[in-house]
Amino acid sequence: MASLQLYGCWRSSASHRLQIGLRLKQLPFEYRPVSLDEKEQHCDWYRALNPRGEVPTLVVDGSPWVQTLAILETLDERFADQGVPLLPRDAEQRQLCRAVAEQVNSSLQPLLLPARLRQPILKAAAPDGAPALAKALQAGVRAHQADALNALNSWLDALPGPFCLGSEPTLADACVVAQLGAAMRLGLDLNPFQRLSELHTHCLGHEAFAASAPEQQPDAPSQAPMR
Ligand SMILES: N[C@@H](CCC(=O)N[C@@H](CS)C(=O)NCC(=O)O)C(=O)O
């Protein structure tokens, strides 16, 4: 069995999706919190693991692995006979699974506008940090997320449930459920997105998803507004 340490943060959706994937693969790991609030991701010790200063990083037998989709696909290959297959065996289903995961990875998650992008925009547009602009930016992020979730909802609605691709959880579910968590922390109501809302509820009944929930993490503040 590999030795695995996950450096992540409770409120990181990328860390969340990695946790779900590790648990679906039944791979035990040690969780090592990195505080985004205290900008620990930019400390020298952490940048030595992850040069871009992002969470998560998975240290596998002493080697730091970055980028959650690459990590999860590689673990799925390396531990093919363990836990749940994260990618379907059928080539067309596998393509669909990767497409849903990528939709979250490139069209939803980065457009939450992390501080490293939000701050330079605010600084360039309003050197005095105009609160009205910060508010407008946040409203724009929320509107875009709602629009993108609506498109994802319609896409998944055409596919059999209760998981993204039918009766078994996959990499797609790990990505979508983590993104839904981020959307709720942003204050979005999932109810208008019926397929996504049902998927979320169904997944939370699964042990791997329940144990990976942000509020279950040891670094989550006890009074966090989880919604
Ligand atoms: N594509 C990357 C995304 C990593 C990422 O964006 N991490 C965010 C948290 S979800 C982060 O570290 N943000 C802190 C920052 O940007 O300073 C992955 O899948 O690992």
Side-chain angles (χ1 to χ4, degrees), residues 4-25 27 29 31-60 63-76 86-87 97-124 134 137-138 141-142 144-145 148-149 152 170-188 209 212-221 224 226:
L4 304 176
Q5 292 88 41
L6 190 162
Y7 289 82
C9 177
W10 72 274
R11 64 174 174 82
S12 150
S13 65
S15 304
H16 186 185
R17 69 168 85 129
L18 181 54
Q19 288 214 24
I20 296 170
L22 286 167
R23 291 197 169 93
L24 286 173
K25 292 302 293 174
L27 291 168
F29 62 92
Y31 181 65
R32 297 194 178 167
V34 176
S35 171
L36 296 183
D37 291 336
E38 287 169 23
K39 309 234 175 297
E40 217 180 346
Q41 73 274 29
H42 300 303
C43 291
D44 290 346
W45 72 266
Y46 186 69
R47 278 197 185 259
L49 295 177
N50 184 317
R52 209 172 131 65
E54 289 180 338
V55 290
T57 301
L58 186 70
V59 176
V60 182
S63 300
W65 291 13
V66 299
Q67 293 296 347
T68 52
L69 295 192
I71 295 170
L72 289 170
E73 287 218 18
T74 308
L75 290 174
D76 202 38
L86 296 180
L87 288 167
C97 181
R98 285 185 170 127
V100 173
E102 191 54 41
Q103 176 91 349
V104 172
N105 191 48
S106 57
S107 303
L108 275 149
Q109 189 266 343
L111 295 173
L112 288 166
L113 289 198
R116 70 174 63 207
L117 183 54
R118 200 177 286 245
Q119 295 306 340
I121 292 174
L122 286 172
K123 208 169 151 195
L137 209 50
Q138 186 69 349
V141 166
R142 206 178 278 129
H144 169 266
Q145 291 288 316
L149 288 177
L152 183 62
T170 64
L171 177 65
D173 297 284
C175 292
V176 172
V177 166
Q179 190 64 31
L180 295 178
M184 288 189 287
R185 286 194 295 284
L186 200 59
L188 287 182
F209 291 84
S212 306
E215 65 270 24
Q216 297 301 324
Q217 306 315 309
D219 55 330
M226 299 293 174

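Both counts, for ligands and for their atoms, begin at 1 and track the order of listing.
- Distance alone, capped at 3.5 Å, is enough to place a donor-acceptor pair between the Q217 side chain and the S212 backbone.
- Within the 4.5 Å cutoff, the side chain of F29 has heavy atoms near those of the Q19 side chain.
- Across L112 and R118, no two heavy atoms sit closer than the pair O-NH2, 2.9 Å.
- In this structure F209 satisfies the ring pair (Phe, Tyr, Trp, His ring centres under 6.0 Å) test together with H206, sequence neighbours excluded.
- Here the shortest heavy-atom pairing between H16 and A213 reads NE2-CA, 4.0 Å.
- Using a 4.5 Å heavy-atom threshold, the side chains of P56 and Y7 count as separate.
- Using a 4.0 Å heavy-atom criterion, the residues that approach ligand 1 are S12, S13, A14, R17, L36, Q41, H42, E54, V55, P56, Q67, T68, N105, Q109, P114, R116.
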